[in-house]
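Chain letters run A, B, ... following the sequence lines, proteins first and then strands; every chain starts at 1.
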Amino acid sequence: MKLHNTLSREVEKFEPIDARLVRIYSCGPTVYDHIHIGNLSSFIFADTLRRVVMASGYKVKHVMNFTDVDDKTIRRSQEKYADLAPIEVLMKLTSEYSGVFLDDMKAVGNNVDAIDFVKATDSIDSMRTLIKELHEAGFAYVADDGIYFSIDKYRKSGKKYGQLTEITASSTSEARIQNDEYDKESVHDFALWKKQKTNEPAWPFELDGQDLAGRPGWHIECSAMSSGALGQPFDIHTGGVDLMFPHHENEIAQSTATKDDPTYAKYFAHNEHLLIDGNKMSKSLDNFYTLEDIRQKGFDPLAFRLLVLQAHYRKQAHFTWDNLEAAQNRLFNLYTFADLKHQPNAMSDVIEEQAYEGYEKFIDGQITDLGNDLDTPIALSSLSTYTRHIASKGYRQGIQAFLEALDRLYGLELSTRPDITDEQKQVIAERDKAKSDGDWQKSDELRDQLTDQGIGLRDTSKGAIWSRLRTR
RNA sequence: GGCGCCUUGGCGGAGCGGUUACGCGGAGGUCUGCAAAACCUUAUAGGCCAGUUCGACUCUGGUAGGCGCCUCCA
């Protein structure tokens, strides 16, 4: 398979560090609130990447973190629950929203069972260890409000700061310098550890006999958790394009400063933003939606998944309700196709007929398409064409396995569509009889009865075929 | 200002130097006792100006517009 690597800015052949196990790290959510659908699209990308790597024949270890301690989680937890100790309210808030996050993940078809989740607050120890190593090696210095990483030192050690983006002195905005309120030596330097302020949760930390009780910086969390869970270097690091700088750049610097090998992750895969009204969704602009908004408008969360998969992950996609409706119609068409598996009437008489290529060969083609830097739009395009063929020609033996294979690739839950009830089947049988008796009135009554239950019928030369009616 | 990306038919959204993307929506039709959300067929493109080429939506240069990052951020 091939994958675009931000390190080279090219689509590269994917060659794992160790072919026995591909190790993927995805920057996860900050669990202080509902995530918005832009965040969700990023996780749909990460989930799909893992599916494609697995379909290409690899075993995968996929790790995602929960950022459960940072400015936002602390602030929000204290706004929400004022009466408890700082650490307790933090845990209360973050465990609540971790649960909400996992529910959202499942709802949009991301396989959370295939991901190892790591909480930042469970990894404080390895963060302290890493910071101490950096300090001993001279890459970190203690300031009044915390411990900082020295980019100057890192550069002087011979490694490149700016592997993902071009970082130059002139690329830093004036505003950035003027608004700089931290007590650090140089503009780009970033906090590894922040000393406790009043009423903040804190973890003990001693360095050279100084009491530096406080909490980790954002970047160090990912460095510690990724190498803790996956070792270093690992294969693929994913995240949104906005994380390239400074977050991923800083992760690289922290994680490689004391190492001989300058490689932190072999591949960096970044997804583009989901735009709304032509702009990036953000909490500050208040122009975002959550999955709850999508549900409230009567849409299937999986329609959102399909909307995301219809566009290439490295291109900005546009979210509108019209687009979501189109995606939902497309999804329901796939469901109508999947529902045929319950209906012998929709099966082809001529099993050997090669009117369309076999299921296995088609799936191989899908994997090839998806393996081409996750070309989901092209793969879905051929899927549409293929399912249309099958729907018109009649399916063959093995459709259930076929649907399961599609689900492994796309997570659209095609293989688990339920059959109609026995009572409904009985009504169809009675209508068949009424029809053959020429009793059109009774036949139409029975058909209306099913319509009320959300089941539509169409008559074919082999008999009636049902489909679920659109609810929206 | 620095770095990067994008501009396709009614909407969304792809690949490709010469042949249908695909989806939704629209139009026409088929099967039917009627009907159909099912199937079939179909129309509508490639910001603008040059260049390369036998030939460009696809390559090159310019230009206009848009977006992202440079600060927490998927």
Side-chain angles (χ1 to χ4, degrees), chain A residues 6 9 26-30 35-46 70-72 162 164-181 188 218 238-247 249 270-275 278-284 288 306-307 310-312 314-320 322-334 336-337 340 346 369 372 375-385 388-389 391-393 435 438-441 443-444 447-448 451 454-461 464-470:
Chain A
T6 310
R9 302 199 185 183
S26 296
C27 279
T30 302
I35 59 169
H36 61 61
I37 58 176
N39 300 312
L40 222 33
S41 78
S42 184
F43 299 128
I44 291 171
F45 156 65
D70 79 324
D71 292 339
K72 284 176 295 200
L164 298 165
T165 49
E166 208 56 45
I167 309 293
T168 62
S170 60
S171 73
T172 302
S173 69
E174 290 299 311
R176 171 77 178 77
I177 295 165
Q178 284 161 10
N179 292 341
D180 191 1
E181 61 190 45
H188 284 307
W218 178 40
T238 77
V241 288
D242 52 334
L243 296 185
M244 272 190 250
F245 183 84
H247 184 51
E249 210 69 72
H270 292 105
N271 61 283
E272 258 298 348
H273 291 303
L274 182 65
L275 303 183
N279 293 293
K280 173 183 168 180
M281 283 185 209
S282 75
K283 301 257 173 178
S284 53
F288 62 91
L306 187 55
L307 178 142
Q310 278 177 324
H312 189 84
R314 283 193 292 114
K315 260 181 109 169
Q316 294 170 337
H318 296 266
F319 179 84
T320 64
D322 282 349
N323 295 165
L324 185 59
E325 181 154 14
Q328 172 143 305
N329 287 338
R330 187 179 196 175
L331 178 68
F332 285 176
N333 286 342
L334 286 171
T336 300
F337 159 74
L340 295 178
D369 286 343
N372 184 18
D375 199 343
T376 50
I378 277 290
L380 284 169
S381 163
S382 62
L383 177 62
S384 287
T385 305
R388 196 150 34 82
H389 269 273
S392 64
K393 306 283 185 198
K435 254 173 69 96
D439 187 349
W440 309 130
Q441 193 187 335
S443 156
D444 289 349
R447 185 169 65 192
D448 290 345
T451 304
I455 303 293
L457 291 181
R458 62 190 160 95
D459 294 318
T460 72
S461 51
I465 292 179
W466 57 263
S467 57
R468 291 193 168 82
L469 302 175
R470 310 279 159 95

Could you tell me whether the phosphate oxygens of [N], OP1 or OP2, come under 4.0 Å of any side-chain nitrogen or oxygen in [X]?
| X | N | value |
| --- | --- | --- |
| A:Asn333 | B:G23 | no |
| A:Asn271 | B:A74 | no |
| A:Arg388 | B:G23 | yes |
| A:Asn329 | B:C24 | no |

Minimum-distance nucleotide to A:Ser392 side chain [options: B:C3, B:G68, B:C40]: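 My answer, after comparing the listed nucleotides, is B:C40.
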Closest nucleotide among B:C69, B:C22, B:A74 to the A:Leu243 side chain: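 Among B:C69, B:C22, B:A74, the one nearest the side chain of A:Leu243 is B:A74.
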Consecutive-pair stems (3 or more, Watson-Crick or G-U, under 3.5 Å) for RNA chain B: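 Stems for RNA chain B, defined as runs of 3 or more consecutive pairs: B:1-7 with B:64-70, B:10-12 with B:22-24, B:26-30 with B:38-42, B:47-51 with B:59-63.
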Sugar-phosphate only, base, or nothing, as touched by A:Ala327 at under 4.0 Å among non-hydrogen atoms: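 Counting heavy atoms under 4.0 Å across all strands, no contact is made by A:Ala327.
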Using nucleotides 33-35 of chain B, report all nitrogen or oxygen pairs with the protein that are shorter than 3.5 Å.
| from | atom 1 | to | atom 2 | distance (Å) |
| --- | --- | --- | --- | --- |
| B:G33 | O6 | A:Ser443 | OG | 3.2 |
| B:G33 | N1 | A:Asp444 | OD1 | 2.9 |
| B:G33 | N2 | A:Asp444 | OD2 | 2.7 |
| B:C34 | O2 | A:Arg447 | NH2 | 3.0 |
| B:C34 | N3 | A:Arg447 | NH1 | 2.9 |
| B:C34 | N3 | A:Arg447 | NH2 | 3.3 |
| B:C34 | N4 | A:Arg447 | NH1 | 3.3 |
| B:C34 | N4 | A:Asp459 | OD2 | 3.1 |
| B:A35 | N6 | A:Asp459 | N | 3.4 |
| B:A35 | N3 | A:Arg447 | NH1 | 3.2 |

For A:Arg447, all residues meeting salt bridge (charged side-chain N to carboxylate O under 4.0 Å, His left out), sequence neighbours excluded: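 Expected list: A:Asp444.
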Any residue meeting salt bridge (charged side-chain N to carboxylate O under 4.0 Å, His left out) with A:Asp70, in chain and number order, not counting sequence neighbours: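 For A:Asp70, no residue satisfies salt bridge (charged side-chain N to carboxylate O under 4.0 Å, His left out) once neighbours in sequence are set aside.
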side-chain contact (heavy atoms from CB on, under 4.5 Å) partners of A:Ala317, counting only residues at least two apart: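 Residues passing side-chain contact (heavy atoms from CB on, under 4.5 Å) with A:Ala317: A:Leu274, A:Ala311.
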Integer angstrom distance from the C1' of B:C11 to that of B:G68: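 It comes out at 23 Å once rounded to the nearest Å.
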Taking N or O atoms only and anything under 3.5 Å, show me the protein contacts with nucleotides 14-18 of chain B, one pair per line.
| from | atom 1 | to | atom 2 | distance (Å) |
| --- | --- | --- | --- | --- |
| B:A14 | OP1 | A:His312 | N | 3.0 |
| B:A14 | OP2 | A:Lys315 | NZ | 3.1 |

Minimum-distance pair of heavy atoms, taken over all atoms of A:Thr165 and A:Arg9: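 Scanning both residues completely, I find the closest heavy atoms to be CA-NH2, 3.7 Å.
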